[in-house]
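Data block below; observations after.
The chains referred to below are lettered A, B, ... by the order of the sequence lines, with proteins before strands, and numbering in each begins at 1.
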Amino acid sequence: MAGLTRTAGAFAVTPHKISVCILLQIYAPSAQMSLPFPFSSVAQHNRLGLYLLSLTKSCDDIYEPKLEKLINQLREVGEEMDAWLTDHLTNRFSSLASPDDLLNFFNDMRGILGSLDSGVVQDDQIILDPNSNLGMFVRRCILAFNLLSFEGVCHLFSSIEDYCKEAHSSFAQFGAPNNNLESLIQYDQMDMENYAMDKPTEEIEFQKTASGIVPFHLHTPDSLMKATEGLLHNRKETSRTSKKDTEATPVARASSSTLEESLVDESLFLRTNLQIQGFLMEQADAIEIHGSSSSFSSSSIESFLDQLQKLAPELHRVHFLRYLNKLHSDDYFAALDNLLRYFDYSAGTEGFDLVPPSTGCSMYGRYEIGLLCLGMMHFRFGHPNLALEVLTEAVRVSQQLSNDTCLAYTLAAMSNLLSEMGIASTSGVLGSSYSPVTSTASSLSVQQRVYILLKESLRRADSLKLRRLVASNHLAMAKFELMHVQRPLLSFGPKASMRHKTCPVSVCKEIRLGAHLISDFSSESSTMTIDGSLSSAWLKDLQKPWGPPVISPDSGSRKSSTFFQLCDHLVSIPGSVSQLIGASYLLRATSWELYGSAPMARMNTLVYATLFGDSSSSSDAELAYLKLIQHLALYKGYKDAFAALKVAEEKFLTVSKSKVLLLKLQLLHERALHCGNLKLAQRICNELGGLASTAMGVDMELKVEASLREARTLLAAKQYSQAANVAHSLFCTCHKFNLQIEKASVLLLLAEIHKKSGNAVLGLPYALASISFCQSFNLDLLKASATLTLAELWLGLGSNHTKRALDLLHGAFPMILGHGGLELRARAYIFEANCYLSDPSSSVSTDSDTVLDSLRQASDELQALEYHELAAEASYLMAMVYDKLGRLDEREEAASLFKKHIIALENPQDVEQNMA
Amino acid sequence: MVSKDSCRNEIRAAIRQLTDRCLYSAAKWAGEQLVGIEQDPSNFTPANTRFQRGSSSIRRRFSTNESISTPLPSIGFSQAATPLPEEDEAIDGDFYLLAKSYFDCREYRRASHVLRDQVSKKSVFLRYYALYLAGEKRKEEEMIELEGPLGKSDAINRELVSLERDLSALRRTGAIDSFGLYLYGVVLKEKGNESLARASLVESVNSYPWNWSAWSELQSLCTSIEILNSLNLNNHWMKEFFLGNAYQELRMHTESLAKYEYLQGIFSFSNYIQAQTAKAQYSLREFDQVEIMFEELLRNDPYRVEDMDLYSNVLYAKEACAALSYLAHKVFSTDKYRPESCCIIGNYYSLKGQHEKAVMYFRRALKLNKKYLSAWTLMGHEYVEMKNTPAAIDAYRRAVDINPCDYRAWYGLGQAYEMMGMPFYALHYFRKSIFFLPNDSRLWIAMAKCYQTEQLYMLEEAIKCYKRAVNCTDTEGIALNQLAKLHQKLGRNEEAAFYFEKDLERMDAEGLEGPNMFEALVFLATHFKTHKKFEEAEVYCTRLLDYSGPEKEKAKSLLRGIRMAQTGFPSMDLEHFPI
C-alpha cells in the first residue's frame with residue numbers, strides 16, 4: 001500500500017544539506033565578480049564546484065557525512081583557503097540562532113539561483129543555472145524547507161545543534177593534537193581501534209545501550225567508551241586521519257562534561273534515495289565479486305541492512321540485498337524468504353534497472369522477474385528440476401505480460417541451466433509451455449533445446465539492444481559450440497548434411513562477438529551508478545594524499561595523480577562488463593585446453609588473471625588460478641603445483657563452493673597413483689565422491705571425475721574387470737547426460753584397461769572410437785594420446801605390428817611433444833624405445849643413440865612427476881640397451897636406478913612420509 | 001477449585017490497587033471478571049446483587065445498570081484477601097493525590113514531576129509509569145513528525161534509557177514491587193531484551209497475579225509453546241486465564257477452550273470468557289455457534305466494541321447483510337475511531353460490493369493501529385476483488401511480516417499469485433499457510449487446485465492434496481468428487497469407483513443432489529457393468545431412473561445392456577445382428 005503511493009526520491013532537509021548549501025553560497029555568491037573572494041584561482045574555484053557536485057551524488061554510505069568529516073574533506077579541497085572555508089561554515093552555523101534564521105537563510109539561498117528564463121547574464125557573473133545539478137539541489141532544498149511543518153523546522157533546528165556540537169567538541173582540539181600521546185598509546189594497546197573498525201554498526205548498538213548503562217553494568221572507564229564513540233564517527237576515513245581524530249575526540253568529550261547525553265544515532269541522516277540506491281547497487285556488486293570470502297563478512301552487510309531497514313522500512317531493495325547476501329553465504333531458507341519478500345513488497349518495480357521503466361506495466365507488477373530470480377536461486381542451490389519448473393513459469397508469465405526483456409533473460413538462464421545441469425530429458429517441462437518451439441519440442445534432445453533457447457534469447461536480446469545479455473549469450477553459444485556437434489534440427493532426407501564435427505571457427509567467432517561488448521556497453525548501463533561511483537571515487541581520492549607519504553612524495557605529483565585517477569575513473573568500465581570480457585578470456589583458455597594447445601590456454605589464463613583478476617567474481621578468479629595450477633602440475637611436476645596451490649588455498653578456500661579442495665584432491669590422487677600408493681588413492685577417490693551432491697543431475701562434472709578416478713585406481717591395482725565395470729557404467733552416465741567430451745576420455749580409459757589386462761584386441765575398438773570422438777570434437781591432444789594408446793595396442797598384438805605402431809606414434813609425435821604434459825611425453829618416448837627394441841628388423845647397435853636419447857628424456861621428465869612405475873620401465877629399458885651395447889658401467893647405473901624406483905614403488909609409505 | 005468468595009474478594013482489592021496505580025485497563029479487566037462471578041443471591045440484598053451483576057450478567061435476571069465499571073467493595077474485604085500485598089501507606093500523600101489527578105487528566109509529565117521526591121512504592125511506580133507514558137505519547141507524535149521519505153524514521157521512547165537504568169537499580173536494591181517489575185518488563189521488552197523482560201514479568205505476576213496487563217505482556221512474549229512451557233509460574237486462577245489466552249494465540253484452540261470451560265465454573269457470567277470462547281470457536285469455524293454467542297454478548301453489553309470485528313467477520317461469512325449493517329451503525333455511533341469499528345464498516349462495504357470504500361475504512365483502521373493484523377488481510381481481500389493484485393500482495397505481505405503465523409494472509413498471497421497465472425510460485429505460499437493450519441481442508445483443496453492447473457498439471461500431487469483434504473473432513477465435498485474425477489482421468493477406475501461411492505454416500509447423508517450425483521451414478525453404473533457386477537450396476541441404474549433428462553435415457557440403455565448380458569451369451573451375439 002504505502003509502497004505504491006509514496007513518491008520515490010522524496011527529499012528532506014538535513015543539517016548536512018544545509019552545509020552544502022552554505023558552501024554553495026560561497027561557490028556562487030550572488031555578487032558580481034569574476035572570481036569570488038576567497039578563491040585565488042579559477043582551478044580552485046572549480047575544484048570546490050566539483051567537490052560539491054560529488055557530495056550531492058556520491059554513494060559510498062547510507063548516512064550523510066558528519067560535519068567533522070566534511071571539514072576534513074574541505075581541508076583537502078580548499079588547500080590554502082581551508083581555514084577560511086571551515087571558519088565560514090562553522091560561523092554560518094553558529095549564526096543560526098533560531099528557527100527564524102533558518103527561514104532567512106533559505107530566502108537568501110534563492111538569490112544564488114539565476115532566473116529560469118534569463119539568457120542575459122554578464123560574462124563575469126557566477127550564477128547557478130537552476131537546471132544544473134547543483135541548481136536542482138538548491139531548489140529541492142528550498143522546496144523541502146518550505147514544505148516543512150512547524151514541528152519539522154523545530155526538529156531540523158535541534159538536529160543542527162547536535163550536528164554542530166559534535167563537530168565542535170572534536171574540532172576545538174584539532175590544533176594541538178600531539179600532547180596526548182600517552183592516552184593514544186593506551187588505546188592502541190587495548191586494540192580497541194581494530195575492534196571498532198571491524199564492527200562499526202555493532203558498535204552503534206553497543207553505544208546506544210552504553211550511553212545509558214555505563215555506570216551500572218560495564219565498569220569500563222568512561223573515557224574509553226568515548227574513545228570507541230569517537231572512532232565510530234571516523235570509521236570510514238583513512239587510518240591516519242582517524243587516529244588523529246580519535247586522539248582528539250575523547251579528550252574533548254571528557255572535558256566538555258556530560259552534555260553529550262543526547263542520542264548519537266539521532267544525528268545520522270540517511271542520504272537521498274538515489275544515493276542510497278546507488279550505494280546498495282555497489283554493495284550488490286561487491287557481494288557478487290567477493291562472495292563469502294573472508295575479506296568480506298556477510299554479517300557486517302547484514303547489520304547495516306538491518307540498520308537501513310529500521311530507518312527506511314519502505315526501501316524494499318534492502319530485502320533484495322539481503323537475499324543476495326544469503327545466497328552467497330548458502331543460507332537457502334533465508335535467501336528464499338527474502339527474495340519472496342522483496343517481490344511481494346515491490347512487485348519487482350523498485351530498483352531494477354533491467355527493464356526501462358517506460359515499458360513496465362505498472363498495474364501488474366513485474367513478478368516474472370521474481371520467477372527468474374527464484375529460478376536462478378534454485379539453480380545455484382542445486383535444485384535443477386525446481387529451477388526448470390520456475391523458469392518455465394517465468395517464460396509463460398513474461399510472454400503473457402509481453403515482457404520481452406525478461407523473456408530474453410529467462411531463456412538465457414534456462415539454456416544455461418540445461419547445459420550445466422545433467423538433465424536426462426525435459427519432455428513435459430518445456431513442451432507444453434514454450435510456444436515458439438512447441439511444435440518441434442517434443443522430439444528434441446536436450447542439446448537441441450539448449451541451442452534453440454540460446455538462439456531465441458540471442459535474437460530477442462539483440463533486438464532489445466541488451467548488450468550485456470547479447471555478449472553473455474555469445475559466450476554461452478561459444479561454450480555450446482565447443483561441446484556439441486552441430487546437427488541440423490531436421491536431420492532426415494537426402495539433403496540433410498551430416499557434418500559430425502564441432503566447428504572451432506564458430507567458437508572463435510562467438511567468443512569474439514561476445515568480446516565486442518567492450519566497445520559499446522554504455523547504452524545500457526545506468527548513469528546513476530556511474531555518476532555516483534565516480535563521485536565517491538573522487539571523494540576517496542581526496543584522502544589518498546593524506547595517506548602514507550610513499551605514494552605521493554610531494555604536492556606536485558599529488559595533483560597530477562588525482563587528475564589521472566579521475567581520468568581513470570571517467571573511462572572506467574562497469575564491473576559487469578569487465579566481468580563478461582574476463583569470462584570470454586577464460587572461455588578462450590578452456591577451449592584451447594580442449595583443443596589441445598597448452599601455451600595458448602596458459603596465455604589466455606594469464607591474461608585473465610592479470611587484467612581481470614580484481615574486477616571479476618571470486619569464483620572466476622579461482623577458476624583461473626586453478627587452471628594455472630593444473631598447468632603447472634602437468635608441465636612442471638607436483639612440487640611447483642603444490643607450492644602454487646598453497647597460495648590459491650589462502651586466497652580462495654573461504655569462497656563458497658570452492659574448487660580448490662577439488663583440485664587438491666585431484667593432484668593428490670594423481671601423485672598417489674604415480675607413487676603407487678593405492679590405498680591413499682582409493683581414499684582420496686572416496687573423498688572426491690563425497691564432495692558431490694547426492695541429488696540427481698547436480699555436480700555432474702564432479703561425479704564423472706570421481707568415477708573416472710575410481711576406475712583409474714582400480715586399474716592401477718590391476719583389478720581389471722572391476723575397473724572396466726566402473727568405466728562402463730560411467731560411459732552410460734555420460735551418454736545419458738550428453739557429456740560427449742567425457743565420453744571420449746572414458747573410451748580411452750577403457751582401451752587402456754584392456755591394454756593393461758593384455759587384451760589388446762578388445763582394446764582396439766575402444767581406442768578407435770575414442771579417436772573418432774576426438775576427431776569430431778577437435779580434441780587434438782586427447783586424440784594424440786588416444787593414438788599413442790592405439791599404437792601401444794598394436795604393439796601388444798605382436799612384434800610384427802611394430803611398423804604400424806611406429807607410424808602411428810610418429811604421426812602423433814608433433815602434438816605430443818608440442819603440447820603434451822610430462823607424463824604423456826614420457827610415455828611416448830618409452831614407447832618409441834620399446835618399438836625399436838622389439839623391432840626385429842632394426843638393431844640396437846646401429847641406432848642406439850635415438851633410443852637412448854628418448855629414454856633419457858623420459859626418465860628426466862618422470863623424475864619431476866615421481867612416476868616410479870614408468871621411470872622403472874625407462875631405466876630397465878636403458879639397462880637393456882646398455883647391456884646389448886656392452887656398456888657395463890652405464891648398465892649398472894641404470895639397473896640401480898631401476899632398483900631404486902622399484903623399491904620406492906613397493907614402499908609408497910616412505911615416500912609419503914618424506915613428502916609430509 | 002477456588003471458592004468464588006475468595007476470588008471476589010481478591011479481585012475487589014486488586015481493582016482498588018490497580019486503580020491507585022492508574023493501571024486502568026487491568027482494572028477494567030478485573031472489574032469485568034468481578035461481575036462475571038456468579039453470586040449466591042441469598043448472601044446479598046437484592047440491591048447489592050443487582051449492583052454486582054451490573055450490565056454484563058448474561059441472562060439478565062436482574063435489571064441492568066450501565067454505570068459501573070469499578071464497583072466499590074466494602075472496605076473490610078481487602079483485609080480478608082490473604083496474599084494481597086499490604087499498602088505501604090495508610091493515607092495517600094498529598095503529592096500522590098495531585099499526581100494522580102494530573103495523570104487522570106493525561107498530563108503525564110506533570111504527574112511524574114510532582115512525584116519526583118516521593119519515596120513510597122506507589123508513588124515511585126506512578127512516577128515511572130507516568131514518565132513511560134509521557135515518552136510513549138511523545139514517541140507517537142514524533143513518529144508522524146519525523147516520517148522520512150522512505151517510511152518511518154526510528155522514533156523511540158526517549159525515556160526508556162533512564163527508566164531502564166532507574167528500574168534496574170531499584171531491582172538490584174530490592175526496592176521494587178510487583179508493579180515496578182511489570183513496568184521494568186515492559187521497558188525491557190521495548191528495548192528488545194526479551195528474555196530478561198520475560199523473567200521480570202514472571203516475577204511480577206508471581207508476586208501479584210491480578211495485574212492482567214502484566215499477563216498480556218507476558219503472553220505477547222510467548223511466541224512458541226516451548227517458551228510457554230518453560231515459564232515458571234505459580235499456580236493461581238489468573239494463570240488459567242493467561243494459559244487460555246496464550247493457547248489461543250498459539251492456535252491450540254481446543255486446549256484454550258478447555259481452559260475457558262473450566263474458568264466458566266467460577267466466572268460464569270464473564271463477558272470476557274464468552275468473547276474468548278467465541279474467538280476460539282471462530283477459529284474452529286463454528287460460525288453458527290459464534291453468531292449466537294456474539295448476539296448474546298451484544299444483548300448484555302450493547303456498547304461493546306472489542307472483538308466485534310470478529311462478529312462482523314462471521315456475519316460477512318454468513319452474508320447476513322442486515323445484521324452487519326445494524327452492527328456497523330451501532331459501533332459507528334458508539335466510537336467511530338476505533339480500529340475495530342473501521343474494520344466492521346469495511347466489512348459492511350465489502351459485503352455491499354463497494355470495495356473502494358471498504359479499502360478506505362481498512363486504511364483508516366490501519367492508520368489507527370498499524371499492526372492491526374486482520375485489517376491488512378481484509379484489505380488484501382478487497383484489493384483482490386478490485387483486481388489490483390500488486391496492492392493485494394503488498395497488503396498480505398505486511399500482515400505476514402507482522403505475524404508470520406497468519407495463515408489467512410499466506411493463503412491470500414498464494415491466491416493472488418495463482419490469479420496472476422503463477423501457480424508454481426503460489427505453491428510456496430500455500431505450503432506456508434498449510435504449515436500453520438494443517439487441518440483445514442480448504443487450504444489443501446486450494447493447493448490441489450494449484451497443482452491441477454493446466455500450466456502445472458501435476459495430478460499425482462493434486463491427488464495427494466485432495467486425500468489430505470478428505471482426511472480433514474472436507475465440508476464442501478469438493479475433494480471426494482475431484483479425487484474420483486482425477487483417478488478417472490488417470491484411468492484408475494477402481495480408485496475412481498471407490499471415491500465416487502464415497503462421494504455418493506456423503507451426498508446421500510447430506511441430502512444433496514446435482515450434476516455431481518448424476519456423474520457419480522453414471523460412472524458407477526458403467527463401471528460395475530463392465531466389471532460384470534450387474535447387481536450393483538442395476539442398483540445405480542435404478543437410482544438414475546428417478547431423475548429426468550439425458551441421464552435417464554443413459555440409465556435405460558445401460559439397464560438394457562445389463563439384462564442382455566445377464567441372459568447369457570446368445571443375447572450378446574444377437575446384438576451384433578442388424579435388426
In terms of heavy-atom pairs under 4.5 Å with chain A, the winner among B/A416, B/A392, B/P423 is B/P423
Check the orientation of A/Y345 and A/H316. Use parallel for under 30°, tilted for 30 to 60°, and perpendicular for over 60°.
parallel
Engaged part of A/L336 at the chain B interface, taking heavy atoms whose separation is under 4.5 Å:
side chain
Chain A contact via B/L160 - side chain, backbone, both or neither, heavy atoms under 4.5 Å
neither
Looking at residues at least two apart in the chain, or sitting in another chain, which of them share a side-chain hydrogen bond (donor to acceptor under 3.5 Å, both in side chains) with B/Y425?
none
Please, which pairs that meet side-chain hydrogen bond (donor to acceptor under 3.5 Å, both in side chains) have at least one residue in residues 130-139 of chain B, sequence neighbours excluded?
B/Y132-B/E190, B/E136-B/N157, B/R138-B/E141, B/R138-B/E145
Should the pair A/Y367 and B/Y417 be assigned to parallel (<30°), tilted (30 to 60°) or perpendicular (>60°) ring geometry?
perpendicular
Which bit of A/V390 comes within less than 4.5 Å of chain B, counting heavy atoms only: side chain, backbone, both or neither?
both
